[in-house]
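Here the structure comes first, spelled out in C-alpha cells, and everything after it is commentary.
Below, chains carry the letters A, B, ... as their sequence lines are ordered, and counting in each starts from 1.
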There are 2 protein chains.
Amino acid sequence: MGRRGPYICGIDAGMDVVAGKWKSLILWELNNYGTRRFGELRRGLPGVSEKMLVQQLREMEEDGLVHREIYREVPPRVEYSLTPDGTSLNEALGALGTWGQQRVERLAAEGILVEVSPTA
Amino acid sequence: MGRRGPYICGIDAGMDVVAGKWKSLILWELNNYGTRRFGELRRGLPGVSEKMLVQQLREMEEDGLVHREIYREVPPRVEYSLTPDGTSLNEALGALGTWGQQRVERLAAEGILVEVSPTA
DNA sequence: CAGCATCCTCAGGGATACTG
DNA sequence: CAGTATCCCTGAGGATGCTG
C-alpha cells in the first residue's frame with residue numbers, strides 16, 4: 001500500500017500510489033473496460049504473474065482506487081472496477097500518457113526504440 | 001535508464017522514465033529553481049544519498065530530461081537544469097501532483113495520514 | 001476460476017570511505 | 001565541491017504448486 005506520508009509534494013503522494021510495476025496499467029485497463037474479471041485482467045496484462053496481479057489489486061483496493069465485487073457462484077467470479085478516486089487518478093495520468101506516447105513515436109522514428117520484443 | 005520498450009501504452013512509457021525514487025522530485029526541484037547545483041539539489045531532497053542523486057541524474061540525462069553543465073573551476077561547479085523534454089514531462093505530471101495534493105489534504109482531514117515524520 | 005503459500009532471485013537502493 | 005568506488009541488504013517481484 002501507499003506509505004501514507006510524509007510526502008514532499010503532491011507528485012510525491014501521487015507517485016506513491018501509482019508506483020508498482022502494474023498499477024498504472026491496471027488503471028488503464030479497468031478504465032477502458034469499466035469492469036473486468038480477474039482472468040480477463042490477467043490476459044490483458046502480458047507478463048503479470050498471478051501473485052503480482054492479486055497483490056497490486058489488493059493494494060489499490062486498500063488505497064481506495066479499485067472496487068472488488070465478489071459473486072458467490074461456482075465457479076467463483078470476481079469483478080474489478082475503478083472507484084471515483086481511481087477514475088480521477090487515471091484522468092490525472094492522461095497527460096503523462098500523451099507525453100509517453102509522443103516520446104515512443106519520436107524514439108521509434110529515430111530507430112532508438114525497441115517496439116516489439118526481439119524474441120517475438 | 002528507461003528500458004526503451006516494448007511498451008504497452010503511453011502511460012507505461014511515461015512511467016518508465018519517471019520511475020525511480022527521486023526522479024519526479026528532481027523534476028519538480030529543477031523546474032522550480034530553473035538551475036541547481038549538485039549540492040543544492042542534495043539539500044533540497046531530504047534523504048537522498050549522494051550515490052542515488054548522481055545515479056538518478058545520470059539516467060535522466062541519458063533519457064534527455066536533464067542538462068548537465070560543467071564549469072571547470074576550483075572548486076568544481078556543476079549545474080543541472082531541465083531540457084525541453086524534462087520541462088514538458090514535468091508539466092505532464094502537473095495533474096498527478098494536484099490529484100496527490102488533494103488526496104493528502106483529504107487523508108489528513110480524516111487523520112489517516114502521517115504528515116510529519118513521527119520522530120521529528 | 002480466483003486465489004493463497006512458499007521459496008528464491010536480483011536489482012534498487014543505502015552506508016561508508018576515498019579522490020580530482 | 002562533486003563526484004567514484006565498494007560493500008551490503010532489503011524487499012519488490014518472479015516461479016511453482018496447492019485449494020475452496
For the pair made of NZ in A/K51 and P in C/dC8, what is the distance, rounded to whole Å? 13 Å
Quick one: is B/R37 getting a side-chain N or O under 4.0 Å of the D/dC1 phosphate, OP1 or OP2? no
Nearest to side-chain heavy atoms of A/R58, which nucleotide of C/dG3, C/dA17, C/dG14: C/dG3
Given atom CE of A/M52 and atom P of D/dT16, what is their separation to the nearest angstrom? 17 Å
Remember a base hit wins even if backbone is also touched, and classify B/R42 as base, sugar-phosphate or nothing at under 4.0 Å, heavy atoms. nothing
Over all heavy atoms of both residues, which pair between B/R42 and B/V48 is shortest? Give the atoms and the distance, please. NH1-O, 2.9 Å
Between C/dG14, D/dT4, C/dC1, which nucleotide gets closest to the side-chain atoms of B/S49? C/dG14
Using a heavy-atom cut-off of under 4.0 Å over every strand shown, decide if B/R68 touches base, sugar-phosphate, or nothing. sugar-phosphate
Whole-Å distance, A/R77 CZ to D/dG20 P, equals 22 Å
Is a side-chain donor or acceptor of A/N31 paired with a backbone partner of A/L82 at a separation under 3.5 angstrom? no
Atom-pair distance (CD on B/E61; C1' on D/dG3), nearest Å: 13 Å
Between D/dG3 atom C1' and B/L57 atom CG, what is the distance in whole Å? 11 Å
Do A/T83 side-chain atoms and A/G64 backbone N/O form a donor-acceptor pair below 3.5 Å? yes
Distance, rounded to the nearest Å, where B/K21 contributes NZ and C/dG14 contributes P: 4 Å
How close or far is atom C1' of C/dG14 from atom CG of B/L45, stated in whole angstroms? 15 Å
Hey, does A/Q56 reach any base, or is it just sugar-phosphate, or nothing, if we go heavy atoms under 4.0 Å? sugar-phosphate
Would you call A/D85-B/R106 a salt bridge at under 4.0 Å N-O? yes
Touch check for B/Y71, heavy atoms < 4.0 angstrom, all strands: base, sugar-phosphate only, or nothing? nothing
Decide yes or no, distance alone: a donor-acceptor N/O pair under 3.5 angstrom between the base of C/dC1 and the side-chain of A/E73. no
